[in-house]
Protein chains: 2
Amino acid sequence: MRTLKYAILGLLNRGPLTGYDITKEFASALGNFWSAKHSQIYPELKKLADEGLVVFHTVTQGEKLEKKLYTITPDGRKDFLQWLNQDEPLEPTPKDIFKLKTYFSDALPLGKRIEQFQSQLIKRREKLYILKNHKEKLYGSINPASLTDRQRSDYLVLQGAILREEAYVTWLRESIALLGS
Amino acid sequence: MRTLKYAILGLLNRGPLTGYDITKEFASALGNFWSAKHSQIYPELKKLADEGLVVFHTVTQGEKLEKKLYTITPDGRKDFLQWLNQDEPLEPTPKDIFKLKTYFSDALPLGKRIEQFQSQLIKRREKLYILKNHKEKLYGSINPASLTDRQRSDYLVLQGAILREEAYVTWLRESIALLGS
DNA sequence: CCGTACATGTAACGTGTTACATGATTTT
DNA sequence: AAAATCATGTAACACGTTACATGTACGG
């Protein structure tokens, strides 16, 4: 399906970047719904260049450090927009190791089961807290309807991550209540 | 991490199964949070047998059809329970192609963006409806506190799937409202 | 007897992670 | 001067999907 290809093209569609820049993008905001390591990114950039969807030119930083700055080509932009325009089928349900354990957890004593749920709850709440803080910092006092198109995209995916984590926390709380009854 | 290994051991911990039976399990209830194709299951069963965590004996169905019925060994049960007991770290955020598209969607005209959200909303609602129907059919009139341990595990993961889908539907509805404003 | 479900396997390919490998630049 | 960050790459391995390949049993 080449999703990494389109994630990279989507970033380059906003402006030229190096492989290192792209790696950093995947480690930040974008990381909430897609990610890749540099060991996957560099070969993919090479492949995209072979396919004529991107070009690079070398820029020199300081005395001799060479960076490859990648730019999307018209062909690349066309391919990217065609992907973006396609209707997206529902993905298969994402895998979830904790739910797998829950499914088999009748093999554990009740006390241990509850303990595991509580441990997950602490971690999920922490993650949710960080996401909410981030939202507050970026959009705290702003009416979301007044954002630019680009900011609105960023807002939507952050909000999506928050709703997902809230649902997980709700499930953990409900589960603990049920097990404790 | 060998998660498939433990998913299989977890199923065999409940009783002997063939590779075909395991394949069917992944295609049904369990499929809401873990799955694998038969092409992955048969080699994994062979590996588990080599490792001494399961044994199989051949049973004949009808005239000559041979089935391999796999049974978990004491070593296998020990390994499985040790995995089940381990505290589970938070997994990296699951990948989500539609959210990736959302992140880049400022490159599309507004009408198209809303259209895509509405298409997703229809599909997600359909999936949610199926899950809720399933819950109603299995537990409709029953007080969840009166379930056995085993039934409770099944109930919890189904409820987890429902909460996850509800959160996704909420996000899609919110997004459409914001984009339409 | 025909179609569906039962039953088991392998091969090729695509995707993703960890580890290996190297070196320059900037900050403390 | 040392440490952190910038910068780019490859190799080995693990995991997953699609396609190939074969044959039996059962219900209508």
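Sequence lines set the chain letters: A, B, ... in the order given, protein chains first and strands last, and positions in each chain run from 1.
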* Within 45° of the six-membered ring axis of B:Phe98 and under 6.0 Å from that ring's centre, is NZ or CZ of B:Arg113 located there? -> no
* Asked: Is the charged tip of B:Arg14 near the ring of A:Tyr103: under 6.0 Å from the six-membered ring centre and within 45° of its axis?
  ->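 Yes - B:Arg14 lies over the ring of A:Tyr103, closer than 6.0 Å to its centre and within 45° of its axis.
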* Apply side-chain contact (heavy atoms from CB on, under 4.5 Å) to A:Val157 and B:Leu100, showing your working. => CA-CA 8 Å; A:Val157 293; B:Leu100 182 63; over 6 Å; no
Taking [atom1] from [X] and [atom2] from [N], how many angstroms apart are they, rounded to a whole number?
X: A:Arg2; N: D:dT18; atom1: CZ; atom2: P; answer: 17 Å
X: A:Lys46; N: D:dA11; atom1: NZ; atom2: P; answer: 10 Å
X: A:Gln40; N: D:dC15; atom1: CD; atom2: C1'; answer: 13 Å
X: B:Glu44; N: D:dC15; atom1: CD; atom2: P; answer: 8 Å
X: B:Tyr42; N: D:dT17; atom1: OH; atom2: P; answer: 16 Å
X: B:His38; N: D:dT18; atom1: NE2; atom2: P; answer: 12 Å

* Which residue pairs pass the ring-ring contact (aromatic ring centres under 6.0 Å, His included) test with at least one member in residues 156-181 of chain A, sequence neighbours excluded? ->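 Residue pairs with at least one partner in residues 156-181 of chain A: A:Phe117-A:Trp171, A:Tyr168-A:Trp171.
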* Asked: Which part of the nucleic acid, if any, lies within reach of B:Ser39 when heavy atoms closer than 4.0 Å are counted: base, sugar-phosphate only, or nothing?
  ->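 It contacts base atoms.
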* To do: Describe the nucleic acid contact of A:Lys95 in one word from base, sugar-phosphate, nothing, applying a heavy-atom distance below 4.0 Å.
  =>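 The answer is sugar-phosphate, as A:Lys95 gets under 4.0 Å only of primed atoms, P, OP1 or OP2.
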* Asked: Do B:Asn143 and B:Ser146 have side-chain N/O donor and acceptor atoms under 3.5 Å apart?
  ->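 No donor-acceptor contact under 3.5 Å links the two side chains.
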* **Donor + acceptor pair across side chains of A:Gln116, A:Ser119 (<3.5 Å)** =>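 On atom types as modelled, these side chains do not qualify, holding no pair under 3.5 Å.
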* Worked verdict on B:Asp96 versus B:Lys101 for salt bridge (Lys or Arg N to Asp or Glu O under 4.0 Å) -> CA-CA 9 Å; B:Asp96 184 329; B:Lys101 284 194 173 184; over 6 Å; no
* Residue-phosphate contact under 4.0 Å: B:Lys37 side-chain N/O, D:dG16 OP1/OP2 -> no
* Show the numbers, then the answer: is there a side-chain hydrogen bond (donor to acceptor under 3.5 Å, both in side chains) between B:Asp79 and B:Tyr6? => CA-CA 9 Å; B:Asp79 194 346; B:Tyr6 294 108; 2.9 Å; yes
* **Overall bend - the helix from C:dC1-D:dG28 to C:dT28-D:dA1, comparing terminal axes fitted on five pairs, nearest 10 degrees** => 30°
* **Where at least one partner belongs to residues 114-143 of chain A, residue pairs that pass salt bridge (Lys or Arg N to Asp or Glu O under 4.0 Å), sequence neighbours excluded** =>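 For residues 114-143 of chain A, and leaving out neighbouring residues, the salt bridge (Lys or Arg N to Asp or Glu O under 4.0 Å) pairs sorted by first residue read A:Lys112-A:Glu115, A:Lys123-B:Asp87, A:Arg124-A:Glu165, A:Lys127-A:Glu165, A:Lys132-A:Glu166.
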Polar atoms only, N or O, under 3.5 Å: list the protein pairs with nucleotides 25-28 of chain D and their distances.
{"from": "D:dA25", "atom 1": "OP1", "to": "B:Gln61", "atom 2": "O", "distance (Å)": "2.9"}
{"from": "D:dA25", "atom 1": "OP1", "to": "B:Glu63", "atom 2": "N", "distance (Å)": "2.7"}
{"from": "D:dA25", "atom 1": "OP1", "to": "B:Lys64", "atom 2": "N", "distance (Å)": "2.6"}
{"from": "D:dA25", "atom 1": "OP1", "to": "B:Leu65", "atom 2": "N", "distance (Å)": "3.0"}

* On DNA chain C, which is the earliest and which the latest nucleotide, 5' to 3', with an atom closer than 4.0 Å to a heavy atom of chain A? -> C:dT15 to C:dT25
Atom pairs and distances, donor-acceptor, side-chain atoms in residues 27-41 of chain B, under 3.5 Å, two or more places apart:
{"from": "B:Ser28", "atom 1": "OG", "to": "B:Lys24", "atom 2": "O", "distance (Å)": "3.4"}
{"from": "B:Ser28", "atom 1": "OG", "to": "B:Glu25", "atom 2": "O", "distance (Å)": "3.2"}

* Asked: Out of curiosity, A:Leu9 CG to A:Glu44 CD, how far, rounded to the nearest 0.5 Å?
  ->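 Going from CG on A:Leu9 over to CD on A:Glu44, the span is 8.5 Å.
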